[in-house]
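Everything below concerns the one structure shown next.
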Amino acid sequence: MDRFSTRCVHAGTMHDEVKKGINSPIYTSTSFEFIDQPDTIYPRYLNTPNEKAVAEKIASLEDAESALVFSSGMAAISTVLFTFLGKGDHSVFQKGLYGGTSHFLEREFERFGIECTVATSQTAEDMESCIRKNTRVVYIETPSNPLLSITDIQAVADMAKKRGLISIIDNTFASPVNQQPAAMGIDLVVHSATKYMGGHSDILAGAVAGREELMKEVYQTGLNFGGSLNANTLYLLERSLKTIHVRVERINDNAMELAHFLETHQAVKQVNYPGLPGHMGHKIAAKQMSGFGGMLSFEVKGQDGLAFQKRLKLIKPSMSLGGLESICSSPAHTSHRHLGPEGRKAEGISEELIRLSVGIEDVEDLKADLEQALK
Ligand SMILES: *Cc1c(COP(=O)(O)O)cnc(C)c1O
């Protein structure tokens, strides 16, 4: 098989038989003549040419047997969870989930009769201790949002195998450039492709990759939930993935440099970045990640997160992550606002915390912006 960068560019590309164009053509049809090609039927059936092209690329980059693309990260996550969990089933989730995922558990699981336990930490032992007779799924997310906690992927995959559970990981923060959990024995990998995969802050998409046997079931549920993506956006996602290795490598470098810069700055109290040797999860991160990603968070001494963000000029306070531009947010005022002061304290999220999604700008300009805001 070709090496990673080559697969980013070439894997899954459709051959244009008619005009010999270098790129995959965009097929916008919702209806296809089926007599000679019964496998291409209908976009919601996740089997159009543009769906297949980008799914094949994602499977290749995730080192997985197959993949499917959805209309958002939450469409991918909800489809996967409802594929393997039904009335009377129990599931175990790690501590520190993406806000949308924990909201989904709180709001949807109970009325469908699905039980879940959110562990009190990110360790495999802790998650194992939550297992009951009816547990079917264990779900992790590493690095986590917004404290960049690290879960030992291999340990969770081994534990899940031993206990007969389906293991699922949200690999959004790392991207397949930095971390390939399927190779470590995780059954299914989910993504918000809105983030690093899309990479330009202009498309909403999701993906699932994993073992063929399980993906067949995800496929059947996917048809019923109807979260498919249109051809034009599928093409944009395919185009974006061709540069993901270049983008994420630059982002890794910038984030590492900014983490060092912030760590040694006298106005900064605490920096959370798995690439720093002082980070709690650094050893495990170094074992399972080839780069440490573009997400970091930090606390400014005695300054509320909102006030600090107002002083930044180049780095824009805004939601989402994984784009070309550096942006920041203050979790206490955005993603974790609904928890209230007590809930945030339990999660370790202070009013001072700033989350940074590092982009591909010149790192000296990013440093200068942080420096002037920290003064
Ligand atoms: C954004 C995000 C999601 C949800 O994805 P959408 O594309 O917004 O539906 C899930 N997990 C993580 C880690 C995310 O950052």
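All values below come from the heavy atoms of this structure, side chains included, with hydrogens, waters and symmetry mates left out. Order of listing sets the numbers, starting from 1, for every ligand and every atom in it.
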Quiz item: I327 and M319: side chain to side chain contact (heavy atoms under 4.5 Å, CB included), yes or no, with the steps?
Solution: CA-CA 8 Å; I327 59 172; M319 300 286 283; over 6 Å; no
Self-check item: Numbering as shown, the atoms of ligand 1 that approach A205 to under 4.0 Å (heavy-atom distance)
Solution: 7 (O)
Practice problem: Decide whether an N or O pair under 3.5 Å exists between M74 and ligand 1. | Solution: yes
Quiz item: Do R239 and N23 have a side chain donor and acceptor closer than 3.5 Å?
Solution: no
Quiz prompt | Region of A75 engaging ligand 1 - heavy atom pairs below 4.0 Å | solution = neither
Quiz item: So is there a nitrogen or oxygen of G73 less than 3.5 Å from a nitrogen or oxygen in ligand 1?
Solution: yes
Self-check item: Which of the ligand 1 atoms, numbered from 1, are nearer than 4.0 Å to a heavy atom of S72
Solution: 7 (O), 9 (O)
Quiz item: Any idea how F298 and F308 line up, ring-wise: parallel (<30°), tilted (30 to 60°), or perpendicular (>60°)?
Solution: perpendicular
Quiz item: Got the closest protein heavy atom to atom 3 (C) of ligand 1, with its distance?
Solution: Y98 CE2, 3.2 Å
Practice problem: Report the C-alpha distance between I169 and Y139 in whole Å, list the side-chain angles of each, state the deciding distance to 0.1 Å, and finish with yes or no for side chain to side chain contact (heavy atoms under 4.5 Å, CB included). | Solution: CA-CA 6 Å; I169 186 172; Y139 184 107; over 6 Å; no
Quiz item: With under 30° as parallel and over 60° as perpendicular, where do the rings of F109 and F82 fit, or are they tilted in between?
Solution: tilted
Practice problem: May I ask you to check whether F292 and H282 place their ring centers less than 6.0 Å from one another? | Solution: yes
Quiz prompt | Heavy atom of I77, distance to ligand 1 below 4.0 Å | solution = yes
Exercise. Give the single entry among S192, S71, G322, A193 that approaches atom 5 (O) of ligand 1 most closely by any heavy atom.
Key: S192
Quiz prompt | Heteroatom distance test (T194, ligand 1): nitrogen or oxygen, under 3.5 angstrom | solution = yes
Quiz item: About how many Å separate CD1 of I77 and CG of D170, when rounded to the nearest 0.5 Å?
Solution: 4.5 Å
Quiz item: Considering only heavy atoms, does N145 approach ligand 1 within less than 4.0 Å through its side chain, its backbone, both, or neither?
Solution: neither
Exercise. Verify the distance criterion only: is there a donor paired with an acceptor across the side chains of N50 and E238 at less than 3.5 Å?
Key: no
Self-check item: Pair E62-H191, side-chain donor/acceptor within less than 3.5 Å
Solution: yes
Quiz prompt | Where ligand 1 meets E141 - atom numbers and elements under 4.0 angstrom, heavy-atom basis | solution = 13 (C)
Quiz item: Can you tell which of D170, L204, L321, T172 gets a heavy atom nearest to atom 11 (N) of ligand 1?
Solution: D170
Self-check item: Minimum-distance protein heavy atom relative to atom 15 (O) of ligand 1
Solution: K195 NZ, 2.7 Å
